[in-house]
Q: 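Take this structure first; my questions come after.
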Amino acid sequence: MPLKVYNSLTREKETFTPINAPYVGMYVCGPTVSGESHLGHARPFITFDVIYRYLLYLGYKVRYVRNITDAGHFEEEGREAEDKISKKAVLEKLEPMELVQKYTNLYHWAMRRFNNLNPSIEPTATGHIIEQIEMIKKIIADGYAYEANGSVYFDVEKYNTDFSKKGQPYGILSGRILEDQLDTTRELDNQDEKRNKSDFALWKHAPAEHIMRWQSPWGEGFPGWHIECSAMSTKYLGEEFDIHGGGMDLVFPHHECEIAQSTVCNHKTPARYWLHNNMITINGKKMGKSYNNVIRLTELFSGSHPALTQAYHPMTIRFFILQSHYRGTLDFSNEALQAAEKAMKRLWEAYNWLQQSGICGADTAGDVALDEKVKKLVDEFDEFMNDDFNTAKVLANMFELVSVINSIKDKHISAESLSTTTVALLQTQLKAYVEDIFGLQSERSADDGKLEGVLQLLIDIRKEAKTRKDFVTSDKIRNELAALGVQLKDEKGGGMSYTFS
RNA sequence: GGUCAUGUGGCCGAGCGGUGAGGCACAGGUCUGCAAAACCUUAUACGGCGGUUCAAAUCCGUCCAUGACCUCCA
């Protein structure tokens with residue numbers, strides 16, 4: 001069964017066929033680094049990281065481009081009021097590139113903690129001003145943009161009239177019809193400069209107090225919101241590439257405008273497959289700046305937010321996101337995250353035990369039905385992922401396998417119930433999926449050997465005490481370690497293991 | 001107002017025409033010096049009302065509720 005993806009452009013699941021297999025070009029809209037990333041931002045980055053990893057697993061050579069928006073209309077978060085009071089303070093406080101660097105660093109730090117792979121190219125908008133200006137010039141030359149007071153606007157109506165004839169009307173992605181839009185847009189600045197309300201900015205004239213500005217044929221200004229993605233995707237992935245991804249809230253207007261710009265310049269719809277993840281909600285509402293309900297990633301990792309009852313590890317968040325399908329909304333709550341935390345721990349411990357257990361199964365399976373069941377559960381991993389990346393179903397199968405693994409560990413089931421090939425398949429595929437595709441890793445930071453050694457010593461002492469039936473000593477060791485956050489667990493057959501809480 | 005989604009058990013979430021996905025919580029049991037963990041078992045469900053069908057959580061209609069987007073937002 002080949003990979004199928006839901007294409008927002010056609011509104012159906014389609015078989016994924018790269019333009020130049022085995023090469024795949026994927027562009028994903030990255031962060032605007034004018035402020036800190038929050039939980040809502042984490043979803044697209046984790047979603048597309050898993051998609052990237054899965055494409056690699058399938059053997060594709062992927063060029064993954066994820067931009068950083070570091071140009072545009074910037075104000076430091078929460079400082080708006082102050083800015084108005086004292087422009088001097090702004091000048092002292094905000095060197096634009098300093099601000100951008102600060103939030104870019106913070107963003108990269110969060111991505112690493114999530115164990116997201118680095119994209120192949122991470123271009124910045126400020127690094128591609130020239131490309132953007134060139135693109136705008138081309139659009140003007142073709143007659144689809146006009147200048148007004150040092151700003152340049154895209155002529156949506158002309159585009160729609162001309163390109164509708166070619167089957168590429170404005171609104172092709174979002175399903176909007178231009179005529180329906182005319183009276184529905186809200187009031188914005190400088191609307192009077194535009195010929196039509198639906199026109200959007202390619203280049204904006206910078207007022208005197210604007211902190212980021214560049215020289216252009218139309219005077220000093222800064223690029224419009226949409227043009228950077230068109231310029232950079234064309235530069236690094238070509239006029240036509242395979243996948244364009246981002247959050248659903250970008251479908252209109254951002255991606256719609258991107259399509260219009262690129263189509264004028266390159267005479268092609270830029271991407272074949274448009275993939276969009278849904279939002280993370282909190283109490284049923286989208287998490288976003290405009291709702292004042294954001295939980296920043298730093299707050300999430302440290303637990304320092306009034307809505308949080310505890311800190312959450314990045315892997316808990318990652319697991320939480322993988323438990324739902326990327327096109328559905330995902331509702332945040334402490335209860336839900338705590339559930340994810342426990343589930344992740346159970347999965348990881350079983351997985352970890354399997355890899356270290358040294359079990360190898362029998363030449364012929366002792367329990368044919370179970371052997372078949374395990375094989376089926378593992379084989380379905382690929383099948384589920386090929387059905388538009390259904391990570392939730394893969395996880396469901398994994399938990400059925402966790403029961404089998406733990407039963408073998410507790411010796412309720414003999415390791416010889418499974419055949420050697422099935423055990424090997426289970427080990428390889430679980431590793432491929434848990435670590436390589438889902439990108440999960442132990443919540444515990446890598447410890448040095450000393451701690452291991454100390455714990456082993458305490459475990460030995462406790463074992464001796466238990467043999468002497470000296471439960472005072474054995475309980476003391478267990479209780480005091482528990483107070484320090486190390487949990488000892490007696491196992492069948494006198495073994496002892498520990499986990500960190 | 002326009003466009004498009006969604007409504008599943010205490011909570012989070014798959015499924016989208018026919019054996020009740022899965023996780024967490026809860027209850028009972030097994031194991032155990034005790035505990036934890038683990039394992040086993042059980043319960044609770046598809047927004048309301050109609051319709052199609054041998055069969056509907058799944059398809060159709062309608063009503064209700066919620067959400068997203070409508071040029072700052074992942």
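Below, all heavy atoms of this structure are taken into account, side chains as well, without hydrogens, waters or symmetry copies. Please read all numbers here as calculations on a predicted model, not as lab measurements. Residue numbers begin at 1 in each chain, while the letters A, B, ... track the order of the sequences.
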Q: Looking at R346(A) and A38(B), is any side-chain donor or acceptor paired with a base atom of the opposite kind under 3.5 Å?
A: no

Q: Determine the interatomic distance between C1' on A14(B) and the same-named atom on A57(B); round to the nearest Å.
A: 12 Å

Q: Using the C1' atoms only, state how far G48(B) lies from G15(B), rounded to an integer number of Å.
A: 22 Å

Q: Can the ring centres of Y170(A) and F154(A) be said to be less than 6.0 Å apart?
A: no

Q: Below 3.5 Å is the cut-off: list the nitrogen or oxygen pairs between protein and nucleotides 28-30 of chain B, distance only.
A:
none

Q: Given that both distances must come in under 3.5 Å, which nucleotide forms a Watson-Crick or G-U wobble pair with C34(B)?
A: none

Q: With both distances under 3.5 angstrom, what nucleotide forms a Watson-Crick or G-U wobble pair with G1(B)?
A: C70(B)

Q: Do N334(A) and T309(A) have side-chain atoms, one donor and one acceptor, less than 3.5 Å apart?
A: yes

Q: Regarding S174(A) and E256(A), is there a side-chain donor-to-acceptor distance under 3.5 Å anywhere?
A: yes

Q: If you look at every strand shown and take non-hydrogen atoms under 4.0 Å, does F200(A) touch a base, only sugar-phosphate, or nothing?
A: base

Q: Find the partner of U42(B): check Watson-Crick (N1-N3 plus N6-O4 or O6-N4) and G-U wobble (N1-O2, O6-N3) distances, both under 3.5 Å, and reply none if neither fits.
A: none

Q: Hey, does G284(A) reach any base, or is it just sugar-phosphate, or nothing, if we go heavy atoms under 4.0 Å?
A: sugar-phosphate

Q: Touch check for A343(A), heavy atoms < 4.0 angstrom, all strands: base, sugar-phosphate only, or nothing?
A: sugar-phosphate

Q: Which sits closer to the 5' end of RNA chain B, K286(A) or L395(A), going by the nucleotide each is nearest to?
A: L395(A)

Q: Roughly how many Å is it from CD in Q261(A) to C1' in U71(B), rounded to a whole number?
A: 12 Å

Q: Would you measure the distance from the P atom in G61(B) across to the matching atom in C69(B) and give it in whole Å?
A: 27 Å

Q: Under 4.0 Å between a side-chain N/O of K194(A) and OP1 or OP2 of U71(B), yes or no?
A: no

Q: Please determine whether a side-chain nitrogen of the Lys or Arg among K345(A) and E341(A) lies less than 4.0 Å from a carboxylate oxygen of the Asp or Glu.
A: no

Q: Just to be sure I understand the rule, does M248(A) reach a base, reach only the sugar-phosphate, or reach nothing, if contact means heavy atoms closer than 4.0 Å?
A: nothing

Q: If you measure from the P atom in C60(B) to the same atom in C4(B), how many Å do you get, rounded?
A: 15 Å

Q: What pairs of donor and acceptor atoms, side-chain ones from residues 474-481 of chain A against any protein atom, are under 3.5 angstrom apart with sequence neighbours left out?
A:
from, atom 1, to, atom 2, distance (Å)
S474(A), OG, F471(A), O, 3.2
N479(A), ND2, D475(A), O, 3.1

Q: Atom CD1 of I477(A) and atom C1' of A35(B): how far apart are they, to the nearest Å?
A: 15 Å

Q: How would you label the contact of H38(A) with the nucleic acid (heavy atoms, under 4.0 Å): base, sugar-phosphate, or nothing?
A: base

Q: OP1 or OP2 of G23(B) versus the side-chain N and O atoms of K342(A): is any pair under 4.0 Å?
A: no

Q: Aromatic ring centroids of Y107(A) and F45(A) under 6.0 Å?
A: yes

Q: For the pair N293(A) (side chain) and K286(A) (backbone), establish whether a donor and an acceptor sit closer than 3.5 Å, ignoring hydrogens and angles.
A: yes

Q: Paired with U6(B) by Watson-Crick or G-U wobble geometry, both distances under 3.5 Å: which nucleotide is it?
A: A65(B)

Q: If we call it a pair only when both distances are under 3.5 Å in a Watson-Crick or G-U wobble match, what pairs with A57(B)?
A: none

Q: Can you check whether F301(A) and F114(A) have ring centres sitting under 6.0 Å from each other?
A: yes

Q: For a quick check of understanding: with a heavy-atom distance under 4.0 Å over all strands, which category does K285(A) fall into, base, sugar-phosphate or nothing?
A: sugar-phosphate

Q: Kindly indicate, with the supporting measurements, whether the criterion side chain to side chain donor-acceptor pair (under 3.5 Å) is fulfilled by Y159(A) and D199(A).
A: CA-CA 10 Å; Y159(A) 173 83; D199(A) 293 351; over 6 Å; no

Q: What is the per-nucleotide protein-contact pattern of nucleotides 11-18 of chain B, from the 5' end, where B denotes a base atom under 4.0 Å from a protein heavy atom, S denotes such proximity for sugar-phosphate atoms only, and - denotes neither?
A: SSSSS---

Q: Is there a donor on the side chain of D475(A) or the base of G33(B) sitting less than 3.5 Å from an acceptor on the other?
A: yes

Q: Please report the distance separating the C1' of C34(B) from the corresponding atom of A43(B), rounded so that it comes out in whole Å.
A: 30 Å

Q: Quiz question: by atom type and distance under 3.5 Å, do the side chains of N67(A) and T69(A) form a donor-acceptor pair?
A: yes

Q: Rounding to the closest angstrom, what is the interatomic distance between A27(B) and C64(B) at atom C1'?
A: 36 Å

Q: Over how many whole Å does the gap from N334(A) atom CG to A25(B) atom P extend?
A: 15 Å

Q: Pick the C1' atom in G23(B) and in C31(B), then give their distance to the nearest Å.
A: 24 Å

Q: Could you state the atom-to-atom distance from CH2 of W353(A) to C1' of A38(B) in whole Å?
A: 12 Å

Q: In whole Å, measure the gap between the C1' atoms of C26(B) and U53(B) for me.
A: 38 Å

Q: Side-chain donor or acceptor of R176(A) under 3.5 Å from a matching atom on the base of C4(B)?
A: no

Q: Does the aromatic ring of F399(A) sit over the six-membered base ring of G23(B), closer than 5.5 Å centre to centre and tilted less than 30°?
A: no

Q: Using a heavy-atom cut-off of under 4.0 Å over every strand shown, decide if Y291(A) touches base, sugar-phosphate, or nothing.
A: sugar-phosphate

Q: Name the residue closer to the 5' end of RNA chain B, choosing between F319(A) and A201(A) according to the nucleotide with the nearest heavy atom.
A: F319(A)

Q: Examine the side chains of N196(A) and Y153(A) and answer whether a donor and an acceptor come within less than 3.5 Å of each other.
A: no

